[in-house]
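Throughout, protein chains are lettered first and strands after them, A, B, ... in sequence-line order, and every chain is numbered starting at 1.
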Amino acid sequence: MDEETGALPRKDDFSRWYNEILWRAEIMDVRYPVKGLYVWYPYGFGIRQRAYTILREIMDRDHAETMFPLLIPKTEFMKEAEHIKGFEDEVYWVTHGGRTELDVPLALRPTSETAIYPMYSLWIRSHTDLPLKLYQIVNTFRYETKHTRPLIRLREITSFKEAHTVHATREEAAEQVETALRLYCEFYERLRVPVIVSRRPAWDKFPGADYTIALDTIMPDGKTLQIGTVHMLGDHFSRTYEITYEDVNGEQQYAYQTCYGISERSIAAVISVHGDDKGLVLPPEVAPIGIVIVPIIVGKRGDEVISAARALEAELRGAGYTAKVDDRDMRPGAKYYHWEMRGVPLRIEVGPRDIDANTVVAVTRTGRRTTLDRRGVVEGIHSILAQFGEEISDAVRQAMADRITVAANLEETAEAVKTGVAVVHWCGSQECAEKIEAVVDASIIGSEIRSDLIPVSNGPCIACGGNGTSTLVARTY
RNA sequence: GGGGCAGUAGGGUAGCCUGGUCCAUCCUAGAGCGUUUGGGACGCUUUGACGGCAGUUCAAAUCUGCCCUGCCCCA
């Protein structure tokens, strides 16, 4: 009778579901009065913090974190022609200091190549300075003209992790591209977000790059979301910014570079792939609250139940969990819904019955209920959460597999992209790409696919019949 | 980039065409009191709004213009 009470829109109405869950689960407040800029609620920011702690941990193995300025002088920004072409329509310019017009306008970084590389030019003298591998996590600004969307298409990206590496040779730079892909795949495994790696077609590569390899996930509505990119810059920027080094023979050489980035789209992916009709489902590693303890207060035993809950909370915190007793004056059921909306992986109920039996009841976010002996409760929880993590990994992997269809011709492709991703043979020509994109109303995502969900092969191009290779076609965000 | 629709309290809505009688209403909104608590409790009291700026007018949520913001469709 009350099933409608407080319900989210169903997840199969993904667009409405996404908009609502952002505020209902306290991730972002979209009411900030500037288009394309949104406010992180503390809870959403907690998810971001945990995800980015993982990202930092992965990056820090082989990179150093740094911080470059937000403002870039126009004179530096305008040096690399292809790069400019790719970004100039999206740049915010600072033109005044107070009431004084600036001699040189300053760009709010849309990405930081042109801020970083002039400094790299000063820093790099010798082959012994290489390789150089730095990254920063910063906000960037892009004057998006398309429909903005929280976490996905922003005018201020608040969480842009960008890495910039410099190498002595093209081969080393190419190897770094592969290393970066491995790091990013590991990051998304930790977030339990399945990804497909592919090489972007030439017209869709990063402006100023030789080639771009990207990570995409598939959203519940079947559109792909690009959640990581790795760019081989070759020597384009080093020639522009004079990044040279003296090699072992005493000769000046241009360096080779890569850059790669991940943004808060990673958070959008976690929310979107794992969530369900009841709200968020968070992997334990990114949940700001890993375990919520709900005291079941009946009759006169309230104090006893509360102190049992607190003792459990202390024990779980001691074991390294972020546990929280919810002692608000609400019915237990209301609390269950509250924490389910926020995706807390595990709920523990403690009531008089449990105290008497020396047990606790543990319920995962996906509804698996276990009665645990109060002694050894930490070990029991450890194994439940590990299993929960595997369970949601398997579920999203299966959901992604179900959205991938191998299509042999244009008709099948058009049908497949209505609900997911099509894998087709494509010859690589732009003419055929344009034909395919026009007929099926979707985009060529990439070829040289790397995904254990997708077998790749050669075959006749679905547009021209010539030699083709496996290629992803999908609607995109 | 083009087109359409919309913005009323924390959230959801009515009112707008036909300016005034408007003290609007509902809620998983807030505050307070009491009774409650093993899957969304209940009663009573109470708080709070017409996106912004300008204009028309005796009078604007309502009409006009510009701006801001959001949603949908098309390219």
Side-chain angles (χ1 to χ4, degrees), chain A residues 1-9 13-39 41 43 88-90 142-156 221 223 276-280 292-306 308-309 312 325-342 344 346-372 374 418 434 437-443 475-477:
Chain A
M1 197 146 90
D2 280 336
E3 283 90 331
E4 292 294 321
T5 310
L8 276 173
D13 185 0
F14 178 66
S15 190
R16 290 219 304 135
W17 180 92
Y18 184 78
N19 286 333
E20 287 241 351
I21 202 165
L22 288 176
W23 72 267
R24 289 223 198 176
E26 296 182 292
I27 297 159
M28 304 218 88
D29 196 325
V30 302
R31 294 173 299 181
Y32 190 76
V34 179
K35 181 181 168 66
L37 275 56
Y38 310 95
V39 180
Y41 281 114
Y43 188 76
E88 64 181 350
D89 291 338
E90 298 187 353
R142 297 180 187 179
Y143 186 76
E144 291 286 353
T145 52
K146 287 181 180 173
H147 191 181
T148 53
R149 219 182 263 278
L151 299 177
I152 292 176
R153 190 174 298 282
L154 304 158
R155 285 188 167 177
E156 181 188 7
D221 57 2
K223 292 188 192 175
D276 64 19
D277 288 350
K278 288 178 169 180
L280 289 185
V292 67
I293 302 166
V294 178
I296 310 296
I297 296 164
V298 181
K300 293 186 170 50
R301 298 180 67 183
D303 291 347
E304 186 187 354
V305 171
I306 289 286
L312 180 59
V325 174
D326 183 354
D327 59 1
R328 292 175 298 168
D329 182 19
M330 295 166 66
R331 310 287 290 243
K335 294 178 183 175
Y336 301 165
Y337 284 98
H338 178 89
W339 295 112
E340 281 164 2
M341 181 64 75
R342 285 157 185 76
V344 174
L346 191 69
R347 173 177 85 236
I348 293 181
E349 305 167 10
V350 180
R353 287 206 301 256
D354 301 297
I355 293 173
D356 294 342
N358 207 25
T359 59
V360 297
V361 175
V363 185
T364 66
R365 175 58 181 75
T366 45
R368 199 178 297 280
R369 178 180 292 264
T370 314
T371 301
L372 294 173
R374 180 62 182 80
K418 286 178 187 167
E434 281 166 8
E437 291 185 346
V439 171
V440 308
D441 193 23
S443 306
R475 288 141 57 237
T476 64
Y477 271 96

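Contact annotation for Gly36(A): backbone-only contact, meaning every heavy-atom pair under 4.0 Å involves sugar-phosphate atoms and none involves a base.
Closest to the side chain of Arg369(A), from the set G70(B), G39(B), C72(B), is G39(B). Of all nucleotides listed (G10(B), G40(B), G38(B)), G38(B) comes nearest to the side chain of Ile296(A). For Thr148(A), the listed nucleotide lying nearest its side chain is G70(B); candidates were U36(B), G1(B), G70(B). Set against U37(B), G70(B), U69(B), the side chain of Ile297(A) has U37(B) as its closest nucleotide.
The phosphate of C71(B) has OP1 or OP2 within less than 4.0 Å of a side-chain N or O from His147(A). In terms of phosphate contacts, Lys35(A) brings a side-chain nitrogen or oxygen within less than 4.0 Å of OP1 or OP2 of G70(B). For Arg331(A) and G38(B), the shortest distance from a side-chain N or O to OP1 or OP2 is below 4.0 Å.
No donor-acceptor pair closer than 3.5 Å links the side chain of Asp354(A) to the backbone N or O of Ala357(A). Without hydrogens or angle criteria, Arg475(A) side chain to Ala442(A) main chain gives no donor-acceptor distance under 3.5 Å.
Side chain Glu20(A) to base G11(B): no donor-acceptor pair is found below 3.5 Å. Judged by atom type and distance alone, Arg347(A) reaches the base of G39(B) through a side-chain donor-acceptor pair under 3.5 Å.
Residues Trp23(A) and Arg31(A) fail the side-chain proximity criterion, which asks for heavy atoms closer than 4.5 Å.
The environment of Tyr41(A) atom OH is dense: over 12 non-hydrogen atoms of other residues, nucleotides or ligands sit within 6.0 angstrom.
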